[in-house]
Amino acid sequence: MTPDITAFFDEATNTVSYVVKDPDSPACAVVDSVLDFDNAAGRTRTKSADAIIAHVLDKGLTVEWLLETHVHADHLSAAPYIQREVGGKIGIGENITVVQNTFGKVFNAGTEFQRDGSQFDQLFREQDRFGIGGLSGFVLHTPGHTPACLTYVIGDAAFVGDTLFMPDFGTARCDFPGGSAATLWDSIQKVLSLPDETKLYMCHDYKAPGRDAYAWETTVGEERIRNIHIAGKTREEFIAMREERDATLGMPKLIIPSIQVNMRAGQMPPAEDNGTVYLKVPLNKL
Ligand SMILES: [Fe+2]
């Protein structure tokens with residue numbers, strides 16, 4: 001079955017969020033929503049999330065799921081905000097506990113921060129199935145960029161998170177804690193074993209050199225034939241290329257605020273005794 005898919009591109013973080021709708025009912029899922037964050041001012045805004053909520057309300061949709069492909073390091077998740085406004089269950093991969101353990105320590109989050117994934121409504125495992133109205137979906141565990149990364153396969157579409165980017169841009173970095181280029185290669189092979197005509201929806205696009213427009217939809221067949229990091233490469237060549245390239249990359253602008261919010265399923269840390277919420281900056285840790 002082919003879902004109805006509406007993409008929302010956030011140019012500030014190069015992130016694509018999706019509303020994935022059952023063609024035969026009002027049921028939908030929201031994949032990888034964005035809470036706008038002005039780092040200089042320490043201020044959140046809901047413009048991007050409000051666009052998704054307006055779409056849901058305009059079309060009379062029922063949000064069944066708020067799906068996160070992983071703990072994003074480049075934007076804050078708006079899942080709890082959207083959940084408060086229009087409902088839906090927040091899902092992520094069960095290896096979120098690994099990410100919570102790692103970054104709970106980095107941010108010295110203390111005992112208030114549970115590291116059992118309980119902030120999320122659903123922890124998915126490899127091959128778990130879920131429904132969006134009459135649409136059926138299943139989960140591929142596709143680690144490498146992070147240990148908890150998932151690909152959501154919904155009808156004839158797959159939401160690949162940070163595994164593959166568009167064929168002319170390549171693949172996701174693997175140098176965050178718990179990342180692994182070898183593991184990413186294996187995960188990408190899993191995605192590319194889906195039928196060639198499967199539509200793939202990217203989590204990010206940065207325009208590739210020579211391309212003027214943003215793009216986020218391709219197919220398994222296109223990625224297999226054209227992906228500049230994968231096509232015609234061996235596993236060893238990929239690992240060497242990925243590790244060499246990752247060594248040159250700076251940290252994403254919003255990694256420090258993003259991770260301490262997203263490891264809590266998009267909730268802010270508890271307010272301090274003056275009622276204000278603070279985000280920490282761990283010095284010389286990342
Ligand atoms: Fe990511």
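Remember, it's 1-based here, ligands and their atoms both numbered in the order they're listed.
- Sequence neighbours left out, the pairs with a member in residues 158-183 that pass side chain to side chain donor-acceptor pair (under 3.5 Å) are His70-Asp162, His145-Asp162, Asp162-His204, Asp168-Arg211, Thr171-His229, Thr171-Arg242, Arg173-Asp175, Ser180-Thr183.
- Note that Arg264 lies in the cation-pi zone of Phe113, set by a 6.0 Å cut-off to the ring centre and a 45° limit from the axis.
- Within the protein, the number of N/O/S atoms found under 2.8 Å from the Fe ion (ligand 1) is 3.
- Residues meeting the salt bridge (charged side-chain N to carboxylate O under 4.0 Å, His left out) test with Glu85, sequence neighbours left out: none.
- In terms of modelled atom types and a separation under 3.5 Å, the side chain of Asp4 and the main chain of Lys21 share no donor-acceptor contact.
- Between Tyr201 and Phe159, the angle of the ring planes stays under 30°, which puts this pair in the parallel group of the 30/60° scheme.
- For Lys285, the side-chain hydrogen bond (donor to acceptor under 3.5 Å, both in side chains) criterion is met by no residue, not counting sequence neighbours.
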